[in-house]
Amino acid sequence: HHDSYDNLLTQVVGFKYVRLYEPKETKYLYVPKKGSGINAQGNISPVECENPDFEAYPLLKDATYTDAILGPGDMLFIPSKHWHYVRSLSPSFSVNFWF
């Protein structure tokens, strides 16, 4: 998904894996048109980035991204409209600052 605001993701305890896609990669992420419910904001992608289905989403192969691992004390700036996927690698706690 992506957020409408800039975000500082701050890792307090544990480790997290983060994958970031720039807004220009949206065309490869198969984002449904805005609708209702989960699609109301048009900011959710159905692709599973760590288990991609290239038969269902062939353009995903062309998407470029950046990987990062955050540890305690790390802070990552995620600009507005940048797609991101986050997964805990251990028991963890983080704080987001949206602005």
Side-chain angles (χ1 to χ4, degrees):
H1 78 274
H2 72 72
D3 295 310
S4 301
Y5 297 97
D6 291 336
N7 180 15
L8 288 173
L9 173 60
T10 306
Q11 190 63 26
V12 180
V13 174
F15 294 86
K16 285 195 174 164
Y17 168 78
V18 181
R19 182 177 289 189
L20 299 168
Y21 295 88
E22 293 183 37
K24 68 182 181 180
E25 303 302 314
T26 300
K27 60 190 170 200
Y28 306 120
L29 300 178
Y30 294 86
V31 179
K33 295 188 187 317
K34 289 184 182 182
S36 61
I38 195 166
N39 293 327
Q41 295 181 44
N43 67 339
I44 304 289
S45 170
V47 300
E48 295 182 34
C49 26
E50 287 195 279
N51 186 25
D53 181 350
F54 294 123
E55 285 188 28
Y57 307 113
L59 296 178
L60 184 59
K61 292 179 187 175
D62 297 325
T64 58
Y65 57 86
T66 301
D67 288 318
I69 295 179
L70 301 181
D74 290 339
M75 183 180 287
L76 178 66
F77 174 63
I78 304 175
S80 170
K81 308 291 185 195
H82 280 64
W83 297 91
H84 51 281
Y85 166 79
V86 181
R87 179 174 56 86
S88 294
L89 299 174
S90 65
S92 65
F93 174 76
S94 57
V95 177
N96 291 283
F97 298 93
W98 287 282
F99 55 99

Please check this pair: side chain of Glu25 against backbone of Thr64, looking for a donor-acceptor N/O pair closer than 3.5 Å.
yes
Review point. So if you build clusters from Ile, Leu, Val, Met, Phe, Trp, Tyr with side-chain heavy-atom gaps below 4.5 Å, do Phe15 and Tyr85 land together?
Key: yes
The side-chain contact (heavy atoms from CB on, under 4.5 Å) partners of Asp62 (sequence neighbours excluded) come to Tyr28, Leu59
**Asked** Is there a donor-acceptor pair under 3.5 Å between the side chain of Asp53 and the backbone N or O of Glu55?
**Response** yes
Looking only at heavy atoms, the pair that brings Phe99 and Tyr5 closest together is O-CB, 3.4 Å
* Backbone of Leu29 reached by a side-chain donor or acceptor of Ser45 within 3.5 Å -> yes
Can Val18 be reached from Tyr21 by stepping across I, L, V, M, F, W or Y side chains whose heavy atoms are under 4.5 Å apart?
-> no
Going by distance alone, is a donor N or O of one side chain under 3.5 Å from an acceptor N or O of the other, for His84 and His2?
no
| said: Would the distance check show the side chain of Arg87 and the main-chain N or O of Lys16 forming a donor-acceptor pair, the cut-off being under 3.5 Å? | reply: no
- prompt: Short question: side chain of Asp6, backbone of Ser80 - any donor-acceptor pair under 3.5 Å?
  reply: yes
Indicate if Val13 and Ile69 have the same hydrophobic cluster label, given that clusters are the connected sets of ILVMFWY residues with side-chain heavy-atom separations under 4.5 angstrom. no
Taking OH in Tyr17 as the centre, count heavy atoms belonging to other residues, nucleotides or ligands within less than 6.0 Å. Is the count above 12? yes
The side-chain contact (heavy atoms from CB on, under 4.5 Å) partner of Met75 among Leu70, Thr10, Leu9 is Thr10
Does Gly71 offer a backbone N or O that forms a donor-acceptor pair with the side chain of Asp74 under 3.5 Å?
yes
